[in-house]
Visitor: 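This is the structure I have questions about; it appears just below.
What you see below is based on every heavy atom in this structure, not just the backbone, and it leaves out hydrogens, waters and symmetry mates. Since the model is a prediction, treat every value here as computed from it, not as a measurement.
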Number of protein chains: 2
Amino acid sequence: MKKDTKISNAVIKRLPRYRRYLKELQKKGVDKISSNEFSSLIGYTASQIRQDLNNFGGFGQQGYGYNVEGLYNEISAILGLDKEYKMIIVGAGNLGQAIANYTYYYKAGFVVCGIFDINPRLIGLKINDIEVMDYENIVEYVEENQINIGIICTTKDSAQEVADKLCFAGVSGLWNFAPVDLEVPDHVAIENVHLSDSLHSLAYHMNRNATENE
Amino acid sequence: MKKDTKISNAVIKRLPRYRRYLKELQKKGVDKISSNEFSSLIGYTASQIRQDLNNFGGFGQQGYGYNVEGLYNEISAILGLDKEYKMIIVGAGNLGQAIANYTYYYKAGFVVCGIFDINPRLIGLKINDIEVMDYENIVEYVEENQINIGIICTTKDSAQEVADKLCFAGVSGLWNFAPVDLEVPDHVAIENVHLSDSLHSLAYHMNRNATENE
DNA sequence: TAGATTGTTAATCGATTAACAATC
DNA sequence: TAGATTGTTAATCGATTAACAATC
C-alpha cells in the first residue's frame, strides 16, 4: 500500500460505498468486474474508480479487471475493518439508547462495551445487555478497558466537555451525534453525524424541486 | 433571492452549519458579525462565507457586516425551515423507534405523524405517542394526510421497494437510513444517512493517525 | 498474438481563495 | 469624509474526466 501522498477525504468517503457494492457482487457470486461494469453499477466514472483505487495500489489486472473478493478484502483492510474496535456511548438518552440497540455494525468489528450517563436513574440499567455506568468513572474505564472510540450522544452543551474528557482518557476516535462541531487534538479522529443538518439539507432540496419550474 | 444559477451541493451542505453558529451568536446577544469574525468562529474563510451567501443575495452591508438575526432568518428561509413538514417512519425496529423517540428536530417544524411496519406484533403499539400502523395501508395514509417526507428505517433489502411505494404515494423527500443507495424519480429529494459508512470512514482516519509517523 | 482493460499522465472542470473596486 | 467591510471578478488550487501507453 502506497503511503507517500496524502489521500483526499473525497476518496476516503467513497471507499465504504465501493466496499458495499463489492459485498453485494460477492453475494451474487460475481468474481471479477471491470472498471466500466463497476461504473454503471455504482454510478462513479470508470476513470474515477481506477484513480481512486490506484491511490492505494494496483489491485487490478490489465485485460481482466478487478477480482471482486480480493478488492473487497483490500478495501476492508485500507479502512481498518480487519481490526476490532471497542466503543463506549456517552449519554443514555433516546439517541444513546438507540445506538446501543442498533447492532447493525457489530458484525463489522465495532463492539459497544458500555454506556455512561450522569443521571442516577439511568445508572445501573441494562440496554441491549450493555450496562449504563456513572459518568464519574469514565476516564478510569476507558483506560482500563482500552476503549478506542467514544460515541457522543449528549446535548450540544456538554458535548465538548465530554470530548475533552474522552480524548484525555485516551480514545483515538470520536463519533459525534451532538449538533456541534468539536475541537479535538490532532491525533484523535472525529466523524460527525449531524442529523438535523442532514434533514435541513433535505428540506432545501425538496423546496428546490418544487420551485424549479417556476 | 437569485434563482438563475444552480447552486452547488457543497454550498447547501454548509448552510445548516452557518445557521447553527448564527443561532449561538443570537443566544449570546451578538447582533452583527463581519465575514472575518465569522470566519475565525466557524472555520471557513471569510472569502468563502461571502461567496456562499452571495449565491442567495446581498445580505450584508459594506462597512458594517451581517446582521445576525437577519441572516439567521434568511438562511432558515432558504433551507425551507419556515414551513412545516409531515413525516412518517417506515420500519419500527430499533432504528425506527429511535428516530421516533429522538424529538430533537421537532421544534424545527418536522413532525413524525406515524410509523409503519409489517410485523403484526408491532402494529398497534405506540412509540413516543406515535402509532405503529400496518404497512399495507401506507399509500392511503400518505395520500390522505399529505405526508411530505418518508423516513426509511428498514433493512437494505426492502428499502428500494419501500422507496418506490412512498414515491408513488406522493412524498417529496426521503430520509434514508438503510445502507443502500436508492433510485428515486427526479422530483423526489433524497438524503442518505449511512451510519456504517460514517463509522468506516472514522476507522480509516483512526488508523491513519496511528501510522502517520511511521 | 490480438483484445481487453488497467495504471497513469494530461486536460478539463469546478470550487476555493485572493484581490480590489464599490459602497455603506 | 475616512474607515470598514461587502460584493464580485480574477487567480489558484484540487478533484474529476479523458486519453492512451503499458501489459496481462
Side-chain angles (χ1 to χ4, degrees), chain A residues 1-18 21-22 25 30-75 78 201 204, chain B residues 1-18 21-22 25 30-75 78 201 204:
Chain A
M1 196 197 297
K2 292 182 204 175
K3 270 192 190 172
D4 41 346
T5 42
K6 169 98 174 99
I7 289 143
S8 88
N9 206 41
V11 176
I12 307 309
K13 288 279 172 196
R14 284 191 290 270
L15 293 180
R17 179 160 163 163
Y18 286 126
Y21 280 84
L22 288 164
L25 286 166
V30 178
D31 48 38
K32 72 156 188 132
I33 193 161
S34 71
S35 55
N36 252 305
E37 292 165 328
F38 205 10
S39 171
S40 53
L41 190 68
I42 202 172
Y44 302 141
T45 64
S47 204
Q48 178 158 69
I49 292 168
R50 296 201 301 276
Q51 283 276 25
D52 281 355
L53 298 177
N54 271 84
N55 282 302
F56 304 99
F59 301 138
Q61 191 175 308
Q62 282 98 329
Y64 174 84
Y66 298 86
N67 177 274
V68 170
E69 191 185 342
L71 189 55
Y72 176 84
N73 292 334
E74 291 283 3
I75 292 180
I78 292 164
S201 161
Y204 174 86
Chain B
M1 196 197 297
K2 292 182 202 172
K3 270 192 191 172
D4 40 349
T5 42
K6 170 95 173 99
I7 289 145
S8 87
N9 206 40
V11 175
I12 306 310
K13 288 280 174 194
R14 284 193 290 270
L15 293 180
R17 178 160 164 164
Y18 286 126
Y21 279 84
L22 288 164
L25 286 166
V30 178
D31 48 39
K32 73 157 185 130
I33 194 162
S34 71
S35 56
N36 252 305
E37 293 165 326
F38 205 10
S39 171
S40 52
L41 189 68
I42 202 172
Y44 302 142
T45 64
S47 205
Q48 179 159 64
I49 294 169
R50 295 201 300 277
Q51 285 275 27
D52 282 354
L53 298 177
N54 271 83
N55 282 302
F56 304 98
F59 301 139
Q61 190 173 311
Q62 281 98 330
Y64 173 84
Y66 297 87
N67 177 275
V68 170
E69 191 186 341
L71 189 55
Y72 176 84
N73 291 334
E74 292 282 5
I75 292 179
I78 292 164
S201 162
Y204 175 86

Visitor: Expressed as a whole number of angstroms, how long is the span from B:Q48:CD to D:dG7:C1'?
Guide: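 Spelled out: CD on B:Q48 to C1' on D:dG7 is 16 Å.
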
Visitor: For B:L53 and D:dT8, what is the distance between atoms CG and P respectively, to the nearest whole Å?
Guide: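 One finds 12 Å between P of D:dT8 and CG of B:L53, rounded.
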
Visitor: Under a 3.5 Å limit for both distances, which nucleotide forms a Watson-Crick or G-U wobble pair with C:dC24, could you say?
Guide: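 Matched C:dC24 with D:dG3 under the 3.5 Å cut-off.
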
Visitor: Give a yes/no on whether any side-chain N or O of A:T45 is located under 4.0 angstrom from OP1 or OP2 of D:dT16.
Guide: no

Visitor: Walk me through whether A:F59 and A:N67 qualify under side-chain contact (heavy atoms from CB on, under 4.5 Å).
Guide: CA-CA 8 Å; A:F59 301 138; A:N67 177 274; over 6 Å; no

Visitor: Tell me the partner of D:dG14, counting only Watson-Crick (N1-N3 plus N6-O4 or O6-N4) or G-U wobble (N1-O2 and O6-N3) with both under 3.5 Å; none if nothing fits.
Guide: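 In the structure as shown, D:dG14 has C:dC13 as its Watson-Crick or wobble partner.
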
Visitor: Is there a side-chain polar atom (N or O) of B:R14 under 4.0 Å from OP1 or OP2 of C:dT16?
Guide: yes

Visitor: Both distances below 3.5 Å, Watson-Crick or wobble geometry, any strand: find the nucleotide opposite C:dT8.
Guide: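 Its partner is D:dA19.
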
Visitor: To the nearest Å, how far apart are A:N9 CG and D:dT16 P?
Guide: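 Computing the A:N9:CG to D:dT16:P distance gives 11 Å.
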
Visitor: Select base, sugar-phosphate, or nothing to describe what B:S34 touches, counting heavy atoms under 4.0 Å on all strands.
Guide: sugar-phosphate

Visitor: Round to a whole Å and report the spacing from CG of B:N54 to C1' of C:dA19.
Guide: 15 Å

Visitor: To the nearest Å, how far apart are A:Q62 CD and D:dT23 P?
Guide: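 Going from CD in A:Q62 over to P in D:dT23 covers 7 Å.
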
Visitor: With DNA chain D as reference, determine whether B:S47 or A:Y44 sits nearer its 5' end, using the nearest nucleotide of each.
Guide: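 Its nucleotide being nearer the 5' end, the pick is B:S47.
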
Visitor: C:dG14 P sits how many Å from B:I7 CD1, rounded?
Guide: 16 Å

Visitor: C:dT6 C1' sits how many Å from A:Y64 OH, rounded?
Guide: 13 Å

Visitor: Under the 3.5 angstrom rule, does the side chain of B:N55 hit a backbone N or O of B:D52 as a donor-acceptor pair?
Guide: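 Here the side-chain-to-backbone pair exists.
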
Visitor: With B:K32 as the cation and B:Y66 as the aromatic partner, state whether NZ or CZ is under 6.0 Å from the six-membered ring centre and within 45° of the axis.
Guide: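 Negative - B:K32 is either too far from the ring of B:Y66 or too far off its axis.
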
Visitor: Mind calculating the distance between CZ (A:R50) and C1' (C:dT5) to the nearest angstrom?
Guide: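 Checked: the CZ to C1' distance equals 7 Å.
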
Visitor: Look at the aromatic rings of B:Y18 and B:Y44 and report parallel, tilted or perpendicular, splitting at 30° and 60°.
Guide: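 Because their plane-to-plane angle is over 60°, the rings of B:Y18 and B:Y44 count as perpendicular.
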
Visitor: Examine distances only and state if a side-chain atom of B:R50 and a backbone atom of B:G60 form a donor-acceptor pair shorter than 3.5 Å.
Guide: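 The answer is no, because no donor-acceptor pair under 3.5 Å joins these two groups.
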
Visitor: When you match B:E37 and B:Q51 each to their closest nucleotide on DNA chain D, which lands nearer the 5' end?
Guide: B:E37

Visitor: Nearest-nucleotide wise, let me know which of B:Q61 and A:Y66 is further upstream toward the 5' end of DNA chain C.
Guide: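 With A:Y66 and B:Q61 compared, the 5'-side residue is A:Y66.
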
